[in-house]
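Computed from a predicted model, the values in this text were never measured in an experiment.
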Amino acid sequence: MKPRRASLSGERAQLTLFPSLGGDLAPRDAQDLMAWPFFSLAKRRRTAPIDFRMGATWISVEAVPEHGMATIWDADVLIWAASQIVAARDAGKPTSRLMAATPHEILTFTGRGTGKDHYDRLKAALDRLQSTTVATSIRQQHQRRRHRFSWINEWQERLDGNGRPLGIELILPDWFYAGVVDRTFVLTIDRAYFDLTGGLERWLYRIVRKHGGHQESGWSFDVAHLHLKSGVLSPLKQFAFELRAIVRRQPLPGYALTIDRALGRERLTFVPIPVDPLDAAIRRLGATLVDNRP
């Protein structure tokens, strides 16, 4: 039985389908998403909006009660999408905002299990990404211009003629897609990122990777400034307590963290840990180094 074609209308009819390249790709993240507060860092449902202002940059993120705000774990789907787009572009293959994949491909790429409960969680993540709305001045020619979008314009399950699942299709917003297609707005991240279980430490890795990069001298942030950029609902005192606990654990792949106090204020400093270039490349791809020496 041939697979049933979904009826095409509206935006979907104008886009060429971009099928998944598979899962053995280096993970890539969009720098704008790494640097600014776009996602809830809490595992419990958040409906309170993020209303962020810093200089000429402003971000507003709103959720619906039914699904809650898209979380930093949900953003793994966007990391998967960015990785697919960059890999295809580098290979000279066409890309599109209309993407097709199996849940298994997305789940294995992001280090998740592949049982029914994980599939159900993926569908819930897609619902949150689709129902969360964002308005921002970032990458707008005029700072007062309002660009509003959802992380996924729409998504659907693909079925064959007998109703058996073939996979999923999703449409990315133009704002996200344009940033990924532009090489200057994407960074490779360590695959060990997917092993981080805490929302704050995941967010911290992304902001450290974005600002610290591979600068030997490292980088530092005032803790109060980090609190503002995180978009969390907890007060500064609680945020600082949790940050100090992360520094004690040192969970961020590739970076060493310290907290210093000066003039009554705390600053977080992060410095890259020197690694062997071959080992770093293998870890980014999620491969295992095999010693074949006799």
Side-chain angles (χ1 to χ4, degrees), residues 6-15 17-18 20 29-30 32-34 36-52 58-82 84-85 96-103 105-107 109-110 112 116-140 145-159 165 167-180 199-200 202-203 206 230-233:
S7 60
L8 299 180
S9 61
E11 183 178 29
R12 181 181 298 271
Q14 316 208 0
L15 296 171
L17 186 66
F18 171 32
S20 170
D29 205 351
D32 289 331
L33 275 61
M34 300 167 78
W36 303 104
F38 282 113
F39 302 99
S40 169
L41 307 187
K43 292 184 177 179
R44 63 184 179 276
R45 180 176 300 188
R46 173 172 175 169
T47 56
I50 295 174
D51 188 10
F52 175 83
W58 56 268
I59 297 168
S60 175
V61 184
E62 298 177 339
V64 297
E66 180 182 0
H67 300 295
M69 184 179 293
T71 71
I72 198 163
W73 295 274
D74 300 338
D76 286 359
V77 175
L78 300 177
I79 295 176
W80 166 82
Q84 293 284 325
I85 293 167
S96 169
R97 293 191 293 114
L98 173 58
M99 303 183 68
T102 64
E105 288 171 329
I106 298 175
L107 290 170
F109 179 85
T110 58
R112 314 288 176 85
K116 183 181 183 302
D117 57 336
H118 291 94
Y119 183 30
D120 290 341
R121 290 184 196 128
L122 174 60
K123 291 193 289 185
L126 293 169
D127 283 339
R128 284 189 292 271
L129 289 165
Q130 194 277 326
S131 61
T132 297
T133 57
V134 180
T136 182
S137 63
I138 295 173
R139 281 193 278 118
Q140 299 305 298
R145 179 182 173 186
R146 179 177 295 270
H147 191 127
R148 183 176 292 276
F149 58 91
S150 295
W151 292 117
I152 293 176
N153 287 7
E154 62 176 83
W155 76 276
Q156 70 173 15
E157 296 179 283
R158 295 183 297 142
L159 306 174
I168 60 174
E169 292 180 2
L170 58 87
I171 300 178
L172 299 169
D174 182 66
W175 185 90
F176 174 79
Y177 181 76
V180 172
L200 185 57
R202 276 176 158 244
W203 171 81
R206 297 173 86 184
S230 72
V232 296
L233 295 173

Q: Compare every heavy atom of Asn153 with every heavy atom of Arg97, then report the nearest pair and how far apart it is.
A: NH1-ND2, 3.6 Å
Q) Should Phe149 and Thr136 count as side-chain neighbours, where that means a heavy-atom distance under 4.5 Å? A) yes
Q.
With a 3.5 Å distance limit and no angle check, can you tell me whether Ser137 reaches the backbone of Trp58 through a side-chain donor-acceptor pair?
A. yes
Q. What heavy-atom pair brings Ser20 and Ala101 nearest, and what distance separates the two atoms?
A. CB-CB, 3.8 Å
Q | Residue pair Ile85, Leu172: steps toward the side-chain contact (heavy atoms from CB on, under 4.5 Å) verdict | A | CA-CA 11 Å; Ile85 293 167; Leu172 299 169; 3.8 Å; yes
Q: Test side-chain contact (heavy atoms from CB on, under 4.5 Å) on Phe39 and Arg202 and set out the steps.
A: CA-CA 11 Å; Phe39 302 99; Arg202 276 176 158 244; over 6 Å; no
Q. For the side chain of Ser40 and the backbone of Arg46, is there at least one donor-acceptor N/O pair under 3.5 Å apart?
A. no
Q: Using a 4.5 Å cut-off on heavy atoms from C-beta on, say whether the side chain of Ile168 contacts that of Ile106.
A: yes
Q) Where the side chain of Asp74 meets the backbone of Thr71, is there a donor-acceptor pair that is under 3.5 Å apart? A) yes
(Q) To check you understand the geometry: which heavy-atom pair defines the closest contact between Ala100 and Leu17, and what is its length? (A) CB-CD1, 3.7 Å
Q.
Can you tell whether the side chains of Lys123 and Asp127 come within less than 4.0 Å, N to carboxylate O?
A. no
Q) Is there a donor-acceptor pair closer than 3.5 Å between any side-chain N or O of Thr110 and the backbone N or O of Leu107? A) yes
Q) Can you name the one residue among Trp175, Phe176, Phe52, Trp203 that meets ring pair (Phe, Tyr, Trp, His ring centres under 6.0 Å) with Phe38? A) Trp175
**Q.** Non-hydrogen atoms of Arg112 and His118 that approach each other most closely
**A.** CB-CD2, 4.3 Å
Q.
Show the nearest heavy-atom pair for residues Thr47 and Val64, with the distance to one decimal.
A. CG2-O, 4.3 Å
Q: Check the pair Val77, Trp155 against side-chain contact (heavy atoms from CB on, under 4.5 Å), reporting the backbone distance first and the verdict last.
A: CA-CA 12 Å; Val77 175; Trp155 76 276; over 6 Å; no
Q.
To the nearest 0.5 Å, what is the distance between OG1 on Thr132 and CE on Met69?
A. 6.5 Å
Q: Without swapping roles, check the side chain of Arg206 against the backbone of Trp36 for a donor-acceptor pair under 3.5 Å.
A: no
Q: Test Gln84 against Phe18 for side-chain contact (heavy atoms from CB on, under 4.5 Å), laying out the working first.
A: CA-CA 9 Å; Gln84 293 284 325; Phe18 171 32; 4.2 Å; yes
Q. So do Arg121 and Asp117 actually touch side chain to side chain, heavy atoms under 4.5 Å?
A. yes
Q.
Please give me the minimum heavy-atom distance between Ala30 and Val180, naming the atom from each residue.
A. CB-CG2, 4.5 Å
